[in-house]
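Structure first, commentary second.
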Amino acid sequence: MLVNLIVNGQPRSIEVAKGEFLLDTLRHLDYLSVRRGCDSSSCGVCTVLVNGKPTPSCSLLTVRLDQQEITTVEGIAKEAEKLATHFGHEGADQCGYCNPSMALTVYAMKKELKKPTLEQIKAYLVGNLCRCTGYQAQHIAILHYLEDQS
Amino acid sequence: MKVVNQLTPSIDGKGLMMGRHGYTDDFADKNALIIKVMRSPHPYARIVSIDDAEAKKLPGVELILSYKDFERRPFTRAGQGYPEPSPHDKFVFDEYVRYIGDEVLCVAAVDEATANKALKYIKVEYEILTPILDFETAKQHSVIIHPEPEIHEMFPIGFKPLENVAASYHMHIGDVEKSISDSEVVIKESFYTQAQAHSMMEPHTVNSRFDYQNRLVLYSSTQTPFHVRRIISQALQFPLSRIRVIKPRVGGGFGGKQAIHGEIICSAVSIRTGKAAKLTYTRKEVYESSYTRHPMRLDITLAAMKDGTLKAIDCYVLSDTGAYGEHALTVFMVAGSKVLPLYNKVDSVRFYGDVVYTNHTPAGAFRGYGAIQGNYALESAVDILCQKLGMDPILFRQKNMIKEGETSPIFSIMGEGTEGTAMNMDTCKLDYCVKRGMELIHWNQKYPRTQTKKDIVEGLGMAIAMQGSGIPYIDMGAATIKLNDDGFYNLLVGATEIGQGSDTILAQIAAEALMTSVDKVIVYSSDSDLTPFDVGAYASSTTFVSGNAVLKAAETMKHQLIIESAKALGSEFKDIEFDGEIFNDSKHQKQISLKDLSNRLYYNHDQKQLMVTESYVGHKSPPPFMAGFADVSVDLLTGEVKVNHYVSVVDCGVTINPKLAQGQVEGAIIQGMGMTLYEDVIYTKTGKLITNDFMSYRIPTRMEIPSMTTEFAESYEESGPFGAKSVGEIGIDTPPAAISNAIYNACGVRITSLPITPEKILKGLKKLKEHSI
Amino acid sequence: MDVLHYVLPNSLAEAYQLLHEDLNNHVIGGGVWMKNTLKSINTLIELKHLIGEKIEVTHEVIKIDANCPLRQLEIHPVIKDLYDGIISQSIEKIMGVSIRNVATIGGTVVGKYAFSDLLAALLAVDVTLVFFKQGRMELSKYLESHEKNRDILISIEIPIKKGTGYFHKVSTTHLDFAILNLAITQIDHQFRIVIGARPGIASCANQAMELINHAKEIDDTLINEVAECCVKELSFGSNFRGSEEYRMTLAKVYVARGLWEVIHHAS
Ligand SMILES: Cc1cc2nc3c(=O)[nH]c(=O)nc-3n(C[C@H](O)[C@H](O)[C@H](O)COP(=O)(O)OP(=O)(O)OC[C@H]3O[C@@H](n4cnc5c(N)ncnc54)[C@H](O)[C@@H]3O)c2cc1C
Ligand code: FES
Ligand code: FES
């Protein structure tokens, strides 16, 4: 089936099987920042924004997304870089496999919540698992990022 | 120091956050054949027949491989020094399948759907055999898990397959029995630890193809690219010189990738078809069919005098290696060798036991590597002993634990699979770690317990730990530094960045020695064609072993630079001072910049490439030490536990990168906490793993984490690069005992099997109540 | 997932008919649960153009379209306040924001998941379901029935009344399914006590409710009696998340704690 997606602002038409999930479609289209951790909507690694909202791309059927706006981390490069700067300062990046999805979720949170508290940040990001960092450094980095007006 | 021990963001953090390509699957060929593995539905069975006729007819099915397609040549998948201390007990495919999830055969097809469909069309008939699912009954069981005659050990490791023993070990110092009978207070306890799963976010994945020189090129998410290359060559009898293994960015390893996973199968498919191929584990395969931590039973006896002098430690360990014996002996030994020296003043020690085969998912390397199991048992037992002695557990430790300048006979007796190496503790700030930790956790105010609310009590507990820094005389790392025109460097290392930050800290070490900044040192790591050898990322070896190699290479490069600058300036070597940018001969008032010198070397005069390689093998393995303190709350009515605060004070020498070191500690603390409280491993009665995805295998989320305070003791290890020891593993060791001790101090319940679930605590509380009535 | 056909029917009637043509035809809500549970589907029936995802508030009810994602309910200002916010709280305990942006109320209700946190909260409020064929039905009645009616849910209605509430989920980690969940409300001076994930599906503890609703005075003794009664009248069982015995203990403890909380909030 032919589906028209808008990926990071660019229209992309692609022929997909009806049972294909967005994660696979995006990787086919070379958006390789979108990665698989579990394939069962339980780790958050595959998160992309659909119409601005974080969603698990491993579990969204591509055929249902005709004309929808998809944002991968490539689409928020500036913000991702800024967040990465704060991660770097806190030593909050390790293997990095969870990071693009983290950037997208943090970006969505920033738009959705005004001045979130640490508890709110945790609650918003809880679906993004990370096995490396122990999370605390991430939270400090995110708090700094949210305060960063530059 | 300008770079080392300074805040330095990781060199790759930005690119990774921004989603740049980097991980194994990002390099897979688009038209790679997709490999799917059929996995055994039985814990133990013999394959009677395989009917793949229908599957072969499916359009798009390229190749089906089973045991019939391979010569019987046993090997071990463990990524360890060669010859390996693990039994060679694995075949590419075998007629026998030994656990639910074991490899039966594989299909390579044009796409995933076709490969999966083909699997459904293949009929395999099994003769179902009786499995061994309880490791305590495995030894000398009537069922033999590895009856095949070809398997063998590479050197004596106590391998007795006909008794289901993959390895066994015995050591003693002094007369344990006598020490115990001479002591005034004796405690005895058995502890159980579970088969923790690594649960790295990136599943195991590998892809392969032949390049234009007709060589086999693999990208693999591995911790040991050089071992992978060697094992593929051995198992498939394919020339080592025609294999290139590239380790790109790895999405977490923790020991789980210190072994062969799909690499051999993937290579075999490429070799037989000449085509690109790819094998990625599903999350279920990661849980069921990769490796776990070795579950263990540890029986500990401690004997002491009433004044709190520890006299004897007796430790029997039974370890379950599952269906294959990867890392069986070495993990077992580390449960002793990196735990027992903590109490080095005892009269006698005994450490012995077996590693047995069962029909469970095989066990392998996992951060902590036996030390976490041993630490849980010993550090819990110490608190039990203190309880009986009526002695403060901190006082007891301060009296009996190892101190700077001291040694332990264990170091020379126990190595990893072989004898060890004697060494003195040139740096050991354990004393400071304990004292500082007490302050940070408010020990004196809060120990042992405070009632915070009706039904909620808070308790404190602690444990001390040690690890190693590489394996002396075995672990080798090498580094090459190349000077470029314009005056920047390439650093080529075999060392394996798996997310622990090694590329960054190695660049820092080179930059510090060369007096330049990290951005002038371009790191490329772990490519078997391009980088020098390194054993890989394990045994906490990278900072110490590879770091020393980098330091040596940088020093040699500096030397060469000065020689060349002297030539260029017409000066004497001894008159040159180099500050990283300028070569200055102040005596004759001449100077040249590094930039000019390099441009001159490559374009103008005396043209030559400056490139140096150095290697390092440790002669000792200076242990990092730490004290871990837990503050927990226990709900007396439900047994629910919350860890409120965790304090780590670590002596890992000088931290090359303080923030990344902190990240190593904190990440490990949370993994250790997961093992302590949440990560239950549950099998059905028939040996099927129930906890095989993130919905049933519960790793800590950001909601469960305590607030963490992590500090480093001031410490300088002469033998380490810029005074560093290792820090990759040490953090995982203390949580099981510290949290368990804290729970005991909160509510009086001692749990001796991991994980410590609320149910177990509640049962304990009920028992306490019954006893007090 | 294998999907043979993907159809956008012209009407609910057509959708309903399609659904009944084949047991392997399915309507889809958010689809996250289906992804994890179904391997192959004959016809996937899209409803998003027929059933909205709106939340409408009138004086008496909140009407929620079946396709409304859980996150929309969770953050809705009226729902956040209603009955001390127990519906929002139950949703907050489900996975992460990204799943809640996709999973729908329709998929939750029709799925009748025994572990469902949201169903426990909804049952404590007793919402009304609006089906295409069967029309209106109380959630309590729907959960009790064992028939697989394969109807299409159009919307649900939450009554707006003054009342207090308590929700609690016990789970090993935040992302885990419940070992037990419970929701308690006091609406129009009537208590409702719901316990789910026992591991059976959320049910009202009717006798316990009777006991407390007819009591003249509420004190510790009564509350303990009510908690005991819940454990006696409802069935509990074991699975790898928790044993029957442990679940019974949890139920007793949290019913008592919940009741006290509800009473305190009311006063
Ligand atoms: C990984 C994971 C973890 C979860 N953990 C929890 C948890 O801890 N607690 C909890 O309470 N919930 C949990 N859930 C469940 C979640 O809250 C939703 O209830 C669930 O995903 C169903 O919603 P859906 O929109 O995805 O349904 P779908 O997958 O779209 O549908 C589920 C079923 O409902 C049917 N259906 C959908 N809409 C309609 C309709 N309008 N009319 C008729 N039938 C319909 C479908 O045909 C299908 O049979 C979890 C879900 C996932 C995927
Ligand atoms: S891969 Fe989609 S949530 Fe894990
Ligand atoms: S950094 Fe490795 S999973 Fe988060």
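Quantities reported herein were computed from a predicted structural model and do not represent experimental measurements.
- The distance from the OG1 atom of B/Thr710 to the CD atom of A/Gln136 is 7.0 Å, given to the nearest 0.5 Å.
- Using a cutoff of 4.0 Å between basic side-chain nitrogens and carboxylate oxygens, A/Asp93 and B/Lys659 are not scored as salt-bridged.
- Here the closest non-hydrogen pair linking B/Met17 and A/Asn99 is SD-O, 3.4 Å.
- When the candidates B/Gln664, B/Met200, B/His21, B/Glu497 are compared by the number of heavy-atom contacts under 4.5 Å with chain A, B/His21 comes out ahead.
- Proximity of a side-chain donor or acceptor of A/Arg35 to a complementary backbone N or O of B/Glu202 within less than 3.5 Å is not detected.
- When the candidates A/Pro100, A/Gly37, A/Gly96, A/Ser33 are compared by the number of heavy-atom contacts under 4.5 Å with chain B, A/Gly37 comes out ahead.
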(message) Please determine whether side-chain contact (heavy atoms from CB on, under 4.5 Å) holds for the pair B/Arg283 and A/Asp39, giving the CA-CA distance in whole Å, both sets of side-chain angles, and the decisive distance to 0.1 Å.
(response) CA-CA 7 Å; B/Arg283 186 49 64 181; A/Asp39 210 29; over 6 Å; no
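- Evaluation of the ring-ring contact (aromatic ring centres under 6.0 Å, His included) test over residues 49-98 of chain A, restricted to residues two or more places apart or in two chains, returns A/Tyr97-B/Tyr23.
- Heavy-atom pairs under 4.5 Å with chain B peak, among A/Ala92, A/Cys43, A/Cys95, at A/Cys95.
- When heavy atoms are compared at a cutoff of 4.5 Å, B/Leu16 approaches chain A by way of both its backbone and its side chain.
- Highest contact tally toward chain A, considering only B/Gly499, B/Gly252, B/Gly501, B/Ala113, is held by B/Gly499 [criterion: heavy-atom pairs under 4.5 Å].
- Checking side-chain atoms of B/Gln671 against main-chain N and O of A/Arg131 turns up a donor-acceptor pair under 3.5 Å.
- The two residues A/Lys122 and B/Ile705 make their nearest non-hydrogen contact at NZ-O, 4.3 Å.
- Per-residue heavy-atom pair counts under 4.5 Å with chain B were compared for A/Thr72, A/Leu125, A/Thr85, and the maximum is reached by A/Leu125.
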